[in-house]
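Take a look at the structure set out below.
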Amino acid sequence: MAARGRFYVTTPIYYVNDRPHIGHLYTTTLADVLARHHRHLGEDTFFLTGTDEHAVKVVESAAGRGLTPDEWAARNAAEFQRAFARFGISNDDFIRTSESRHVERVARYVGALLESGDVYAGDYEGWYDPGQEEYVPEGRAREWEYRSPISGRPLVRRREQNYFFRLSAWGDPLLELLEARPDFVLPEARRNEVMGRIREGLLDVPISRCHEEGEPRWGIPMPGDPSHVIYVWIDALFNYLSAVDTDERRGFWPPSVHLIAKDILWFHAVIWPAMLLALRRCPGFDWVELPERVYAHSFWISEGQKMSKSLGNFVDLERLEAYADRFGLDALRFFLVTQGPLGTHDADFAEARFVHVYASELANTLGNCAHRVAHMTGRYLGGQVAAPDPSCPAAGGLEAAAGRAVDEALAAMERLAPDRACAAALDLVRAVNAAIEETRPFALARDPERRGEVGTILYRCAEALRIAALLLAPAMPERMAELLRRFGAAEIGERIRAGAHGELREWCRWGRLAPGTALETGPPLFPRHDAA
Ligand code: ME8
């Protein structure tokens with residue numbers, strides 16, 4: 001992936017009926033951090049998010065408000081777009097499944113699958129969860145005592161003439177794929193889960209619903225049979241392909257990673273690759289390779305409790321906004337990225353934890369260190385970094401520490417662990433603090449004979465901090481741009497703020513900081529807040 005210098009990252013497209021909340025912002029922020037990092041590396045990057053609009057719920061909610069589904073969807077999609085812009089998301093496109101570019105292409109994909117026999121018409125009867133718009137296999141329905149675990153409402157028996165996707169044909173190829181490409185589904189525990197379920201056997205899946213008489217038309221008509229519309233999930237999954245299925249963008253395919261949460265793993269790890277394997281065999285689609293990775297993170301919970309509609313305890317935009325206002329947007333992004341549910345454990349969004357992480361990592365470690373180095377440079381060196389003396393050993397370990405931090409952070413980003421990348425950068429900041437404690441430039445400065453040593457120490461501290469800022473920039477573009485500006489790298493800072501392409505490896509080269517560069521102290525990067 002990196003070798004090809006191309007990176008395509010996606011988020012789920014979110015149900016347009018819901019108000020954006022922390023879960024949506026989280027996955028989208030993770031994607032944003034990865035996208036910014038790959039742009040900094042100079043790679044051709046494409047970052048896609050959007051809204052999933054063709055659910056039946058949209059028709060019902062719109063009707064309840066006296067609106068057409070179109071109007072209601074447009075209003076809510078705009079809210080997601082506004083929210084993402086507010087939270088610093090640098091997506092390259094925002095796809096709405098009601099857009100004609102998507103509708104036309106999905107009709108073409110499903111048409112090709114009909115032609116090849118991978119999609120066929122048949123009868124279906126089974127347990128159906130109306131809230132989730134999903135059929136539930138018999139075994140699972142029994143396990144759930146015929147009630148939806150999501151809404152608590154009874155499952156209903158439903159029979160319909162439907163179009164089906166021949167998923168049953170793809171069990172073995174999918175198992176082979178998961179064997180051959182261990183990082184196709186991540187984390188590993190999720191891959192094992194998926195393989196276990198595939199081994200239980202795959203049923204064909206219904207991929208259409210009957211268009212009810214008198215209901216507003218909402219959904220993509222089944223090619224050749226307008227009495228059916230394509231089931232919302234099938235329509236939605238194709239967004240990843242339709243958004244880049246143009247002459248200018250086809251080179252971005254396949255996705256480097258689909259970021260999702262565990263709730264929609266089955267669709268992405270099983271149904272979606274099977275659909276693509278089938279489509280690939282159709283004329284004109286041989287370029288449709290499989291995505292490289294599907295990464296399913298876990299869930300945010302709120303103050304120790306699962307978030308749910310009935311509890312009304314979603315960490316919603318208003319709450320997130322309040323955190324961003326109080327601590328700064330970048331502090332919120334940092335918290336999400338470093339404390340969130342990457343891996344297989346849920347994560348708790350709790351105010352006390354936020355306040356603690358902010359104070360210890362951002363205000364006391366990073367902000368304080370930057371201030372100390374700039375302040376001492378001002379006080380002892382007239383504000384300008386000195387030329388380091390290569391023969392002076394003081395703080396000499398920082399160069400190697402910076403090199404390690406860069407290697408670790410880049411490797412962590414490659415394995416989709418932006419939390420570890422941030423940790424590597426913060427370890428470097430801690431190493432700077434430790435070097436200051438050890439070499440005591442503030443004490444040495446009293447002796448005029450040792451000014452050269454002070455200059456060398458502070459140069460090395462500033463250089464290590466500049467590099468740490470570069471590694472933290474995808475998570476905190478605005479604050480790190482400001483830190484870089486204060487450390488003589490305003491132009492790079494501007495590019496980072498704008499989410500532009502760069503040359504991260506060159507930016508991180510030890511020694512780029514030119515002797516004579518003026519350092520600025522300025523107001524605290526992360527002002528202290530009293531614990532609430
Ligand atoms: O499922 N913690 O849309 P959706 C972390 N439209 N992430 C969470 C979360 C939580 N508590 N709750 C939601 C759909 N998410 C379909 C997707 S894709 C082709 C179609 C995030 O609006 C997480 O990314 O219900 C999850 O997978 C997604 O929101 C579900 O969004």
Side-chain angles (χ1 to χ4, degrees), residues 9-32 34 48-58 61 73 76-77 79-80 83-84 89 94-98 102 106 109 129 131-134 150-151 185 190 207 219-220 230-243 255 257-273 275-276 291 294-309 311 313-317 319-320 335-337 339-350 416:
V9 58
T10 69
T11 73
I13 48 171
Y14 304 110
Y15 282 130
V16 78
N17 224 26
D18 292 337
R19 307 232 24 240
H21 60 66
I22 187 173
H24 309 131
L25 184 65
Y26 176 62
T27 316
T28 313
T29 300
L30 286 181
D32 184 69
L34 294 177
L48 180 68
T49 187
T51 39
D52 181 357
E53 308 199 344
H54 286 140
V56 176
K57 281 182 273 191
V58 172
S61 305
N76 289 3
E79 191 164 351
F80 274 92
F84 291 161
I89 303 299
F94 187 98
I95 189 159
R96 300 182 49 205
T97 54
S98 61
H102 175 75
V106 170
Y109 307 147
D129 181 343
Q132 297 301 105
E133 297 188 31
E134 201 178 359
I150 313 279
S151 66
V185 174
R190 301 283 175 223
I207 65 147
I220 304 179
I230 296 168
Y231 174 50
V232 62
W233 259 106
I234 301 301
D235 162 353
L237 286 165
F238 273 128
N239 90 86
Y240 304 128
L241 182 60
S242 72
V257 56
H258 290 307
L259 288 180
I260 57 168
K262 58 186 178 180
D263 52 341
I264 55 178
L265 178 62
W266 185 251
F267 289 100
H268 285 81
V270 176
I271 299 180
W272 175 231
M275 281 161 50
L276 290 173
V294 174
Y295 185 98
H297 60 71
S298 296
F299 264 12
W300 280 102
I301 59 174
S302 169
E303 305 287 346
Q305 278 194 310
K306 189 176 167 184
M307 293 188 291
S308 74
K309 286 204 177 123
L311 290 173
N313 63 341
F314 277 100
V315 178
D316 58 15
L317 282 187
R319 228 171 117 211
L320 293 163
F335 183 79
L336 293 177
V337 171
Q339 307 296 311
L342 282 165
T344 49
H345 293 293
D346 289 348
D348 194 13
F349 192 92
L416 309 174

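Quick caveat, the model's predicted, so the values are computed rather than measured. All ligand and atom numbering here is 1-based and tracks the order in the structure.
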Using distance alone, determine whether Ala236 and ligand 1 share an N or O pair under 3.5 Å.
-> no
Any nitrogen or oxygen of Asp52, main chain or side chain, under 3.5 Å from a nitrogen or oxygen of ligand 1?
-> yes
Trp233 and ligand 1 - part of the residue with a heavy-atom distance under 4.0 Å | side chain
If you measure every N/O of Asp263 against every N/O of ligand 1, is any gap under 3.5 Å?
-> yes
Report the part of Pro341 (side chain from C-beta onward, or backbone N, CA, C, O) that has a heavy atom under 4.0 Å from ligand 1; answer both or neither where that applies.
-> neither
Flag for Ser302-Asn313: side-chain donor and acceptor within less than 3.5 Å = no
Report yes or no: does Lys262 have a heavy atom closer than 4.0 Å to ligand 1?
-> no
Considering the heavy atoms of His268, write down every atom of ligand 1 situated less than 4.0 Å from one of them.
-> 18 (S), 19 (C)
Any idea which protein heavy atom is nearest atom 20 (C) of ligand 1, and the distance to it?
-> Ile13 O, 3.4 Å
Can you find an N/O atom of Tyr26 closer than 3.5 Å to an N/O atom of ligand 1?
-> no
Relative to the heavy atoms of Trp300, which atoms of ligand 1 are at a distance of less than 4.0 Å?
-> 2 (N), 5 (C), 10 (C), 11 (N)
Polar side chain donor-acceptor pair, His258 to Thr10, under 3.5 angstrom | yes
Identify the residue among Tyr26, Trp300, Phe299 that makes a ring pair (Phe, Tyr, Trp, His ring centres under 6.0 Å) with Phe349.
-> Trp300
Do any N/O atoms on Asp18 end up under 3.5 angstrom from N/O atoms on ligand 1?
-> no
Aromatic rings Tyr14 and His24: how do their planes relate, parallel, tilted or perpendicular, breaks at 30° and 60°?
-> tilted
